[in-house]
Amino acid sequence: ARDHFKICWSIYVGWMPWGYAADEGIVSKWADKYGITIDVVQINDYIESINQYTVGEFDACTMTNMDALTIPAAGGVDSTALIIGDFSNGNDGIVLKGVDSLEGIKGQSVNLVELSVSHYMLARGLETVGLTERDIRVVNTSDADMVAISTTPSVTAIATWNPLLNEILSQDSMNLVFDSSKIPGEIIDLLVVNTDTLNQHPELGKALVGAWYETLAMMQEGAETATTARTAMAEASGTDLAGYEAQLASTLMFYSPQEAVEFALSETLPNTMQKVAEFSFAHGLLGDGAPDAGYIGIQTPSAIVGNPDYVQLRFDPSVMQLAADNEL
Amino acid sequence: MITAKNIWKRYNDQVVLERINISVNEGEFVTLVGASGCGKSTFLKMLLGIESPSTGDLLLDNQPIRTEPDSDRGIVFQHYSVFPHMTVLENVMAARAFARKGFSGYLFGQAKRDARTAALEILEQVGLSHAITRYPHELSGGMRQRLAIAQALLGKPRILLLDEPFGALDPGIRADMHQLVLDLWRTYKLTVFMVTHDLKEGFYLGTRLWVFDKVRHDPQAPSAYGATITYDLPIGKIDTSLYEQIDNQLRPVIIPDEPSMETPTHD
Amino acid sequence: MITAKNIWKRYNDQVVLERINISVNEGEFVTLVGASGCGKSTFLKMLLGIESPSTGDLLLDNQPIRTEPDSDRGIVFQHYSVFPHMTVLENVMAARAFARKGFSGYLFGQAKRDARTAALEILEQVGLSHAITRYPHELSGGMRQRLAIAQALLGKPRILLLDEPFGALDPGIRADMHQLVLDLWRTYKLTVFMVTHDLKEGFYLGTRLWVFDKVRHDPQAPSAYGATITYDLPIGKIDTSLYEQIDNQLRPVIIPDEPSMETPTHD
Amino acid sequence: MKRILNIKPSRFSALCLGLLPLLICVVIYMIASDLRLEANPNDKLLPSFSQMGEAWSRMALTPNVRTGEYIFWVDTWSSLQRLLLGMLIAASVGLLIGLLTGALPLMGATFSPLITVLSLIPPLALLPILFIVFGLGELSKVALIAIGITPFIARDIQRRTQEIPIEQLIKAQTLGANTAQVLIRVLLPQLMPKLLDAVRLSLGAGWLFLIAAEAIASTDGLGYRIFLVRRYMSMDVILPYVAWITCLAFILDQVLALLSRKLFPWHVKGGH
Amino acid sequence: MKRILNIKPSRFSALCLGLLPLLICVVIYMIASDLRLEANPNDKLLPSFSQMGEAWSRMALTPNVRTGEYIFWVDTWSSLQRLLLGMLIAASVGLLIGLLTGALPLMGATFSPLITVLSLIPPLALLPILFIVFGLGELSKVALIAIGITPFIARDIQRRTQEIPIEQLIKAQTLGANTAQVLIRVLLPQLMPKLLDAVRLSLGAGWLFLIAAEAIASTDGLGYRIFLVRRYMSMDVILPYVAWITCLAFILDQVLALLSRKLFPWHVKGGH
Ligand SMILES: Nc1ncnc2c1ncn2[C@@H]1O[C@H](COP(=O)(O)OP(=O)(O)OP(=O)(O)O)[C@@H](O)[C@H]1O
Ligand SMILES: Nc1ncnc2c1ncn2[C@@H]1O[C@H](COP(=O)(O)OP(=O)(O)OP(=O)(O)O)[C@@H](O)[C@H]1O
Ligand SMILES: [Mg+2]
Ligand SMILES: [Mg+2]
């Protein structure tokens with residue numbers, strides 16, 4: 001049987017524990033426990049990491065709920081959200097220059113990473129003030145350069161995530177007019193595992209979940225290792241402890257597995273996924289074969305969203321439940 | 001040894017050579033003269049096998065001549081005849097290496113020592129013993145051509161083809177080169193074909209002189225007719241008036257009856 | 001007109017020319033011969049102003065000669081003397097354009113029409129009227145040099161410098177070129193300096209022949225001494241034996257007493 | 001049997017031989033694509049040719065529902081505009097700098113070191129500064145191309161200027177030409193075909209910079225589209241776009257070559 | 001007064017003139033930086049030289065607390081390894097292809113069209129496929145460099161091979177050489193300095209591909225670091241890194257030039 005697995009992650013506040021877990025040997029410790037080996041590979045480019053996972057180079061990958069739907073699931077790779085790590089609670093936001101309310105966005109060019117969760121958040125934000133995407137102009141902008149371009153006079157509206165958001169807000173006359181704390185629980189950061197692999201090798205899921213919660217415990221507020229762990233994570237993401245703490249502040253981390261399980265079981269999750277599916281369909285992200293937003297089935301513990309005969313994305317809290325029950 | 005039977009050579013529509021019928025015996029030293037562009041080099045290329053006659057047969061020992069270069073026929077061009085990336089000694093030793101079957105063209109062990117001995121010998125003969133570690137670009141033009149000749153001879157060719165070998169040399173040093181070629185021709189009993197643009201040189205060196213020229217002209221279509229061998233002269237049987245006639249054809253001057261010594265009065 | 005007073009020319013440690021003392025009158029036609037590398041071109045470059053003597057004075061009309069090219073002194077090189085991107089006519093008209101003050105070197109309106117007339121006239125004179133729309137690369141070598149000469153003359157130089165102008169031409173067509181140069185020299189009353197490697201040519205064309213040669217040699221340091229003018233001969237006063245002596249110095253042959261007609265017996 | 005060194009294929013067989021590897025590549029792709037699609041019909045990595053054709057026709061032949069535009073052609077047009085403008089600027093500035101530094105020793109001594117340093121800086125690393133200086137509009141994309149290419153062209157033209165036989169400069173001066181006349185009438189025209197050559201050589205880099213710039217901030221363009229659809233790994237869009245870029249690059253190259261032959265009939269390779 | 005065309009500065013004044021614009025650039029930067037920092041001491045766009053020095057010494061002279069490594073040197077070493085390996089592969093493969101297609105008409109007819117097509121494809125657009133074929137380890141970064149550079153080198157070497165005077169091939173054959181001997185003993189050595197030239201010419205592109213590849217999949221390297229801190233616009237790190245890359249590029253170029261002169265003393269520019 002297979003006993004070697006590869007997972008990949010990219011730099012983002014909620015996923016930094018993976019790097020720390022790998023460096024500190026926590027992953028290999030848990031892998032040993034289940035008699036397997038796990039390679040943890042960092043990939044700078046977030047999209048590239050998902051693509052690599054989708055074509056089968058990796059068995060698991062970190063991504064948001066929306067990208068899990070539009071890339072692997074839409075690409076016919078049945079995927080399971082093994083770990084619900086956190087949801088963005090202000091980590092994504094819309095910034096306007098000079099104007100201090102979201103209504104002011106009308107008619108402006110908005111710089112954002114097109115088709116990303118920022119785009120989704122923007123669409124949700126526009127809804128709240130009765131606007132649609134037709135009222136603005138979307139300019140696709142690379143996340144790496146978002147901070148640099150924010151200082152230029154021609155840029156007046158930006159939708160982005162942290163740490164870029166904090167950098168931008170630190171400049172004069174930048175107003176945060178909307179952020180993900182207004183749509184809590186809709187932008188979810190996951191560890192997604194290939195469903196077939198997970199079914200054949202449940203030990204992979206157990207090892208990953210075990211390692212994850214051990215790491216989170218080390219960084220949790222109040223833990224004595226918190227400062228060391230967070231400093232290491234801060235450094236790995238190219239900032240300092242203060243910068244990293246600021247990012248954590250706007251992220252709702254599920255430090256305990258029980259919280260994550262509850263989130264998965266809640267009634268709001270299928271609703272969220274329904275919205276995400278609709279948004280994705282409207283932007284052509286579900287593929288050319290998709291006749292409607294329900295083309296791809298999404299299974300959550302409480303309900304199945306979309307086509308039940310073609311489920312490609314599953315939220316399965318069972319392993320996290322084991323962690324919560326201390327049965328790993 | 002070499003026989004040409006009614007050879008014509010065309011490039012597309014242009015006739016370069018026509019009706020070449022000759023026969024050359026082993027050991028002859030043929031010099032070829034003619035106006036620029038009349039096909040002397042083309043004829044040499046056919047002997048070398050890198051061009052083929054358009055019609056007619058070119059025979060070596062009554063067999064059609066091989067249509068690619070081989071070690072029967074050595075060649076020295078006006079330029080680029082030596083390998084610029086090898087020293088003088090290596091250039092000559094390479095000739096030995098190429099003569100052996102092998103993949104890389106490098107020599108090792110005993111074969112290398114033998115080649116070195118042979119190379120030093122022939123370099124002595126052409127007067128390059130003092131320069132064996134130099135690269136071609138460090139040699140004078142004359143030394144470079146000596147090297148090219150030495151190299152060609154190590155291939156032990158039966159026929160040696162020389163295409164204006166001294167054309168780029170200072171006239172002052174040509175005499176030495178002539179002496180060298182004559183010595184080697186005698187020593188190795190070669191059959192030599194040498195193109196030159198200097199009638200005096202051709203005349204002085206060869207046992208047989210060929211003059212290439214067009215005999216037919218069509219002013220409307222200058223390329224409709226090619227050159228042929230208008231004179232095939234065994235040297236020693238040419239009298240002064242014929243020499244001057246050919247010379248004038250090649251190097252006309254304004255006052256043909258007083259070609260050199262008389263000073264023209266300009267004013 | 002031109003006076004050289006004890007000129008020496010050195011490149012770093014190498015002495016190229018030494019002790020040049022001459023004086024040339026308006027209207028003379030000086031031909032310069034000498035072995036390769038002895039400094040003939042260097043002397044011409046000093047006349048042109050692109051090189052300066054290391055010591056000594058070079059005077060034009062008793063003034064130090066200008067140290068950059070100007071329209072007093074025309075030049076024709078062996079190669080690259082015409083502008084490859086202009087047609088024959090444009091090449092000649094450019095000479096006129098450059099003669100006027102201006103920024104772009106292009107002519108417009110009446111000036112252009114005048115230049116055209118003058119250009120056509122001189123092209124007629126050098127026999128290029130039939131080829132005025134051709135580019136230099138479409139011309140034969142001889143036509144190219146005619147063009148270069150026509151162009152140089154339109155600059156109305158007092159002194160015309162020719163550095164082996166026919167060196168790259170087929171000997172067969174040189175006679176025409178000689179005739180042209182002589183005609184133009186007479187018509188425009190130029191002072192001409194012409195370098196050639198062909199004694200016969202130098203002898204036939206000039207009113208005065210300079211032979212450059214080294215008189216001192218140091219075998220240990222070949223560059224310690226430079227060449228100087230060993231003969232300064234008014235043409236018409238040279239006898240045959242001196243001619244042959246110079247010729248042999250420039251083009252030695254193996255059998256110097258029978259330089260051309262006698263066939264050597266090879267076998 | 002001739003040495004393989006001496007065997008020259010006829011024109012027709014050369015054509016066939018040349019097409020062979022291209023055909024083989026296509027066939028290999030088709031097999032690989034079929035195998036992957038067999039395993040997973042939704043696989044996006046190696047779409048079949050018909051999938052690519054559909055995607056292409058959707059973008060090139062069907063107006064976009066939202067904007068009514070033919071996306072493919074809009075992208076092409078935007079990218080070409082940027083590329084051509086950027087190359088034009090690079091060519092003009094590079095020509096000017098190369099001509100002046102190549103022809104005038106004083107200018108050469110002054111600016112050669114600076115140009116050398118500039119040519120070594122990887123422009124991609126300086127993007128942030130570029131955006132701040134040039135803003136986010138078309139200008140910055142054009143500027144990236146121009147800044148990336150200019151040092152190369154300037155250095156090439158400088159070298160070419162120095163290759164022009166000194167004899168021509170002397171000749172012009174003996175005809176009375178002043179510095180400006182030599183530059184404008186003698187050197188400049190002769191550099192034009194060299195400039196076209198340099199532009200052809202640097203077109204590849206130009207495309208690279210274009211794609212990089214469009215990836216960073218844009219609303220249309222070939223590079224933009226490729227990076228956008230990379231988000232959901234639509235290789236059925238990416239591959240036709242890449243093929244199209246390759247094709248455009250080829251056409252541009254050929255057009256420049258043709259232009260050079262037509263405009264500068266006197267320019268013979270190798271000179272005389 | 002001489003025409004400006006004819007004024008040649010002495011060696012010493014050329015040196016001074018050459019340094020002048022570089023100095024001016026530095027001064028302009030310092031003034032601009034001061035002005036911005038005056039207005040906003042937290043400004044990150046144009047850090048002062050002392051800020052850059054601090055950032056640099058933090059990365060180059062202080063061991064990282066976590067790993068004990070000197071980040072700057074680790075980055076340098078990783079990037080150089082990748083670059084050199086990639087260039088080495090590109091050079092070897094390019095040499096082989098160029099030699100064979102240039103020397104053997106049959107090979108040339110067969111592969112030239114393919115190489116032409118490959119050389120026109122912008123490699124950045126193919127990155128996803130590349131990562132899938134070569135994985136995400138060191139191999140893929142090296143592969144991007146190799147794939148990006150090889151077609152250029154192959155075409156250059158092909159042209160260079162064809163430029164070698166046919167006389168030499170004929171001469172070797174008249175001495176009895178077979179095809180392999182001609183390739184190995186006559187052509188190959190003469191192509192080596194041309195190969196070094198081609199490598200020097202393509203080093204710029206090599207750096208570009210290296211930075212692009214490191215930006216996507218890497219955990220160290222100069223390009224990785226620039227990409228990582230770009231999100232925070234830490235110009236105090238980016239600028240020293242860019243300067244260092246420029247410097248490395250210059251050193252590499254000079255080393256190759258020196259190597260060429262030392263190894264191939266017979267290689268004189270322009271030939272004879
Ligand atoms: N490969 C070729 N294709 C077409 N025409 C050619 C080719 N080779 C030679 N010619 C033509 O054949 C004619 C004869 O050329 P060739 O080189 O034999 O003359 P040549 O007598 O050697 O002249 P020269 O004294 O200048 O060396 C020339 O007009 C030339 O243009
Ligand atoms: N710029 C220079 N720097 C150093 N040495 C030079 C320079 N120009 C010429 N020389 C040397 O000066 C000597 C004379 O050269 P010059 O060109 O004047 O000879 P020449 O008589 O014209 O020869 P040729 O008949 O070959 O044209 C040569 O030895 C040459 O190497
Ligand atoms: Mg010939
Ligand atoms: Mg000379």
Side-chain angles (χ1 to χ4, degrees), chain C residues 9-13 36-37 41-42 44-54 57-60 63-75 77-86 94-106 151-152 155-157 159 161 163 167-168, chain E residues 1-21 24 102 105 108 112 116 155-171 174-176 190 193-194 197-198 201 254 257-272:
Chain C
K9 178 69 191 176
R10 287 178 209 90
Y11 286 113
N12 307 322
D13 277 353
S36 183
S41 298
T42 303
L44 238 55
K45 283 181 194 162
M46 290 194 290
L47 285 177
L48 192 57
I50 56 176
E51 292 283 359
S52 313
S54 305
D57 300 306
L58 187 60
L59 307 176
L60 171 64
Q63 300 291 317
I65 205 158
R66 266 189 79 184
T67 55
E68 62 178 352
D70 61 20
S71 51
D72 273 355
R73 293 155 287 173
I75 177 97
F77 298 103
Q78 183 172 2
H79 294 291
Y80 310 118
S81 276
V82 294
F83 303 119
H85 58 295
M86 305 183 192
R96 267 300 180 88
F98 290 147
R100 297 161 57 97
K101 290 288 137 258
F103 183 72
S104 75
Y106 284 91
Q151 201 181 33
K156 300 214 185 308
I159 304 166
L161 306 169
D163 195 351
Chain E
M1 214 8 230
K2 274 195 180 188
R3 295 182 192 96
I4 189 167
L5 191 65
N6 295 323
I7 301 174
K8 294 189 181 60
S10 70
R11 288 194 79 156
F12 176 73
S13 48
L15 194 75
C16 296
L17 282 175
L19 287 177
L20 199 66
I24 291 178
S112 293
T116 306
R155 293 183 83 187
D156 193 65
I157 293 294
Q158 182 183 17
R159 202 169 41 240
R160 299 294 177 186
T161 309
Q162 285 160 350
E163 275 172 16
I164 291 179
I166 181 89
E167 280 88 343
Q168 291 185 19
L169 309 193
I170 294 172
K171 179 86 183 209
T174 62
L175 298 173
Q190 294 196 57
K194 312 286 186 192
D197 285 351
L201 262 180
Q254 291 300 307
L258 186 79
L259 217 63
S260 180
R261 275 199 303 278
K262 290 283 166 221
L263 289 181
F264 313 112
W266 45 267
H267 181 237
V268 273
K269 286 274 146 66
H272 56 84

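Letters go in sequence order (proteins before strands), and every chain restarts at 1. Values below: all heavy atoms of this structure, side chains included; hydrogens, waters and symmetry mates excluded. Note that the structure is predicted; figures quoted are calculated from it, not measured.
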Exercise: identify the closest heavy-atom pair between P157(C) and A152(C): CD-O, 3.2 Å
Closest approach of P9(E) to L17(E) (non-hydrogen atoms, all atoms of both residues): CB-CD1, 4.3 Å
Closest non-hydrogen atom pair, L161(C) against L44(C): CD1-O, 4.0 Å
Residue pair K9(C) / P53(C), side-chain heavy-atom distance below 4.5 Å: no
Other residues, nucleotides, ligands: >12 heavy atoms within 6.0 Å of F103(C) CZ: no
Only pairs under 3.5 Å, no angle test: what donor-acceptor pairs are there between chain C and chain E?
| unit_1 | atom_1 | unit_2 | atom_2 | d |
| --- | --- | --- | --- | --- |
| E68(C) | OE1 | R3(E) | N | 3.0 |
| E68(C) | OE1 | N6(E) | ND2 | 2.4 |
| E68(C) | OE2 | R3(E) | N | 3.1 |
| P69(C) | O | R3(E) | NH1 | 2.8 |
| P69(C) | O | R3(E) | NH2 | 3.1 |

For M46(C) against I65(C), the heavy-atom pair lying closest together: O-CG2, 4.1 Å
